[in-house]
Amino acid sequence: MNKEKKATLIIKNIGQLITMSGPAPRIGEQMSDLGLIENGGIAVAGEEILYVGKSEKIEGQAELAEGCRVIDAKGMVVTPGLIDPHTHPVFSKTREKEFEMRTQGKTYMEIAESGGGIRSSVRDLRETEYVTLKEKTKERLDRFLSYGVTTLEAKSGYGLSLESEIKQLKIINELNETHILDLIPTFLGAHEVPDEYRSDRETYIDIIINEMIPAVVKDNLAEFCDIFTEDGVFTIEESRKIMQAAKDAGLKLKFHADELKSTGGGELAAELGSISADHLVYISNDGIKAMAKSGTVAVLLPGTTFSLSGKQYAPARKMIDEGVIVALSTDCNPGSSYSESLPIIISLAALQMKLTAAEAITAVTVNAAAAVDRVGKIGQLCEGMQADITVWNMADYRELPYHYGVNLVSQVIKKGKLAFGK
Ligand code: NIG
Ligand code: FE
């Protein structure tokens, strides 16, 4: 331990301290290793982790700074702060009418094709005042935090014009400055073809490549570029063209791929060296092999399958067996998955995709860090890493998928500061 730094926060008597120390990211059997310390403790200095080890050793080792906060975890579970690597939190109106239509038999694509879906959120967002949109987004961030999240990736994609895409990205960047959560901005201008270009999609693609991407890069508004590659949205060839342009402009890549049909999105993501490919319910065997080889992270979104009443979930076990890096996310959005709760996603991953609790926790910590290109900074509790920590009101980590639909978060520490709980 660094003897020069004084502890500003100590957590002691942690029944199960899940450090996730070890390989990062984790594949195959490594996903079962939580780096677990029983009766553990953590000392934090400022924004960083100073010491991780047995509880009884902390106080003797770290000199305490004046006003050092001491949290007695009383035998509870502690994990790294959760990372949600795929969200669409900047929207105005919710779409409960469509949800009800789906429960009564309409499909997501039928609703989209008749003008609902993403395009209805676009019409609405364009009319919503900046401050109103920002306030609604902030409320969603507060909810993410209350469910144990400390970092989230956040996409645009409900503007689909230069002006409205920038409006969304500015909100994400401003909230990253003012809100305690860390946000990672992603440009998703290729989420859908907007109403005004339905009969001239070529022009819209041209605008994405020649106007939107350069503007986003010039003002440093996004770190990633994403696309909805799907039958009826953007084809493989269109996706290759747009994403190659984004890559050439210096953006890192993400894909919405093989969500509703197998179109080769997973393969394309691997081919272009994308950081992640997400959804992947219908990924082909070749796609799985290609992603394992390229190290493209599979971000699986079982909440979306659940909320669309899908019969088939992404083939998580097969991907883990083949050595793909698997992460999990809420996909929080007003259409296909309206939830800010990663814990419920962990339950769905266990029940529907047969992940163990340990694998699912790996998928929302160290592997989710890989999905946002933050390995070595967050997602693990190791000396020198960011002090993002979630304390859970449970004695055994396996309660996380098992005790579903209730909030078991006791405290959240963000960059060494108490951000939620007492
Ligand atoms: O990840 N698949 C595309 N985009 C979102 C849905 C967005 C919406 O319906 O508003 C998703 O599921
Ligand atoms: Fe999504």
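Keep in mind that this is a model prediction, so the values were computed, not measured. Numbering starts at 1 and runs along the sequence shown. Numbering of ligands and ligand atoms starts at 1, following listing order.
- Atom CZ of Arg69 has 12 or fewer heavy atoms from other residues, nucleotides or ligands within 6.0 Å.
- Using a cut-off of 4.0 Å between Lys/Arg side-chain N and Asp/Glu carboxylate O, Lys106 and Glu100 are scored as not salt-bridged.
- Evaluated for a side-chain hydrogen bond (donor to acceptor under 3.5 Å, both in side chains) with Asp226, the options His256, Lys254, His86 yield exactly one hit, His256.
- At the shortest separation from atom 2 (N) of ligand 1 among protein heavy atoms lies Glu259 OE1, 2.7 Å.
- Taking only nitrogen or oxygen atoms, main chain and side chain alike, Thr304 does not reach within less than 3.5 Å of ligand 1.
- In this structure, Phe91 does not count as a contact residue of ligand 1, since none of its heavy atoms falls inside 4.0 Å of the ligand.
- Atom CZ of Phe224 sits in a crowded spot, with more than 12 heavy atoms from other residues, nucleotides or ligands closer than 6.0 Å.
- For ligand 1, the atoms sitting less than 4.0 Å from at least one non-hydrogen atom of Tyr108 are 6 (C), 7 (C), 8 (C), 9 (O), numbered in the order shown with element in parentheses.
- Heavy-atom proximity to Ile118, at under 4.0 Å, picks out these atoms of ligand 1: 7 (C), 8 (C), 9 (O), 10 (O).
- Between Gly159 and Ser164, the shortest heavy-atom distance links the atoms CA-CB, 3.4 Å.
- A donor and an acceptor atom, one from each side chain of Arg95 and Ser121, are located under 3.5 Å apart.
- Atom numbering of ligand 1 starts at 1 in the shown order; those under 4.0 Å from a heavy atom of Asn333 are 5 (C), 6 (C), 7 (C), 8 (C), 9 (O), 10 (O), 11 (C), 12 (O).
- Here His86 meets the criterion, with an N, O or S atom under 2.8 Å of the Fe ion (ligand 2).
- Nearest protein heavy-atom contact of atom 12 (O) of ligand 1 is Ser336 OG, 2.5 Å.
- Considering all non-hydrogen atoms of both residues, Val372 and Glu223 come closest at O-OE2, 4.0 Å.
- If you number the atoms of ligand 1 from 1 as listed, the ones under 4.0 Å from a heavy atom of Arg95 come out as 8 (C), 9 (O), 10 (O).
- Here Asp331 reaches the Fe ion (ligand 2): one of its N/O/S atoms is less than 2.8 Å from the metal.
- The closest protein non-hydrogen atom to atom 3 (C) of ligand 1 is Phe228 CE2, 3.2 Å.
- With respect to the salt-bridge test (charged N to carboxylate O, under 4.0 angstrom), the residues Glu359 and Arg317 qualify.
- Crowding of Lys136 atom NZ: a count of heavy atoms from other residues, nucleotides or ligands under 6.0 Å exceeding 12.
- Ligand-side atoms of ligand 1 in range of His86: 1 (O), range being under 4.0 angstrom from any heavy atom.
- For ligand 1 and His191, the ligand atoms under 4.0 Å from any heavy atom of the residue are 3 (C), 4 (N), 5 (C), 7 (C).
- Residue His256 has at least one nitrogen or oxygen atom sitting less than 3.5 Å from a nitrogen or oxygen atom of ligand 1, judged on distance alone.
- Ligand 1 places these atoms under 4.0 Å from at least one heavy atom of Tyr158: 7 (C), 8 (C), 10 (O).
- With a 6.0 Å cutoff to the six-membered ring centre and a 45° limit on the axis angle, Arg201 counts as a cation-pi contact of Phe234.
- Here the protein heavy atom with the shortest distance to atom 11 (C) of ligand 1 is Asp331 OD2, 3.1 Å.
- Around the NZ atom of Lys247, the shell of radius 6.0 Å holds more than 12 heavy atoms that belong to other residues, nucleotides or ligands.
- The N, O or S atom of His256 with the smallest distance to the Fe ion (ligand 2) is NE2.
- Proximity of Glu230 to ligand 1, defined as any heavy-atom pair under 4.0 Å, is not found for any part of the residue.
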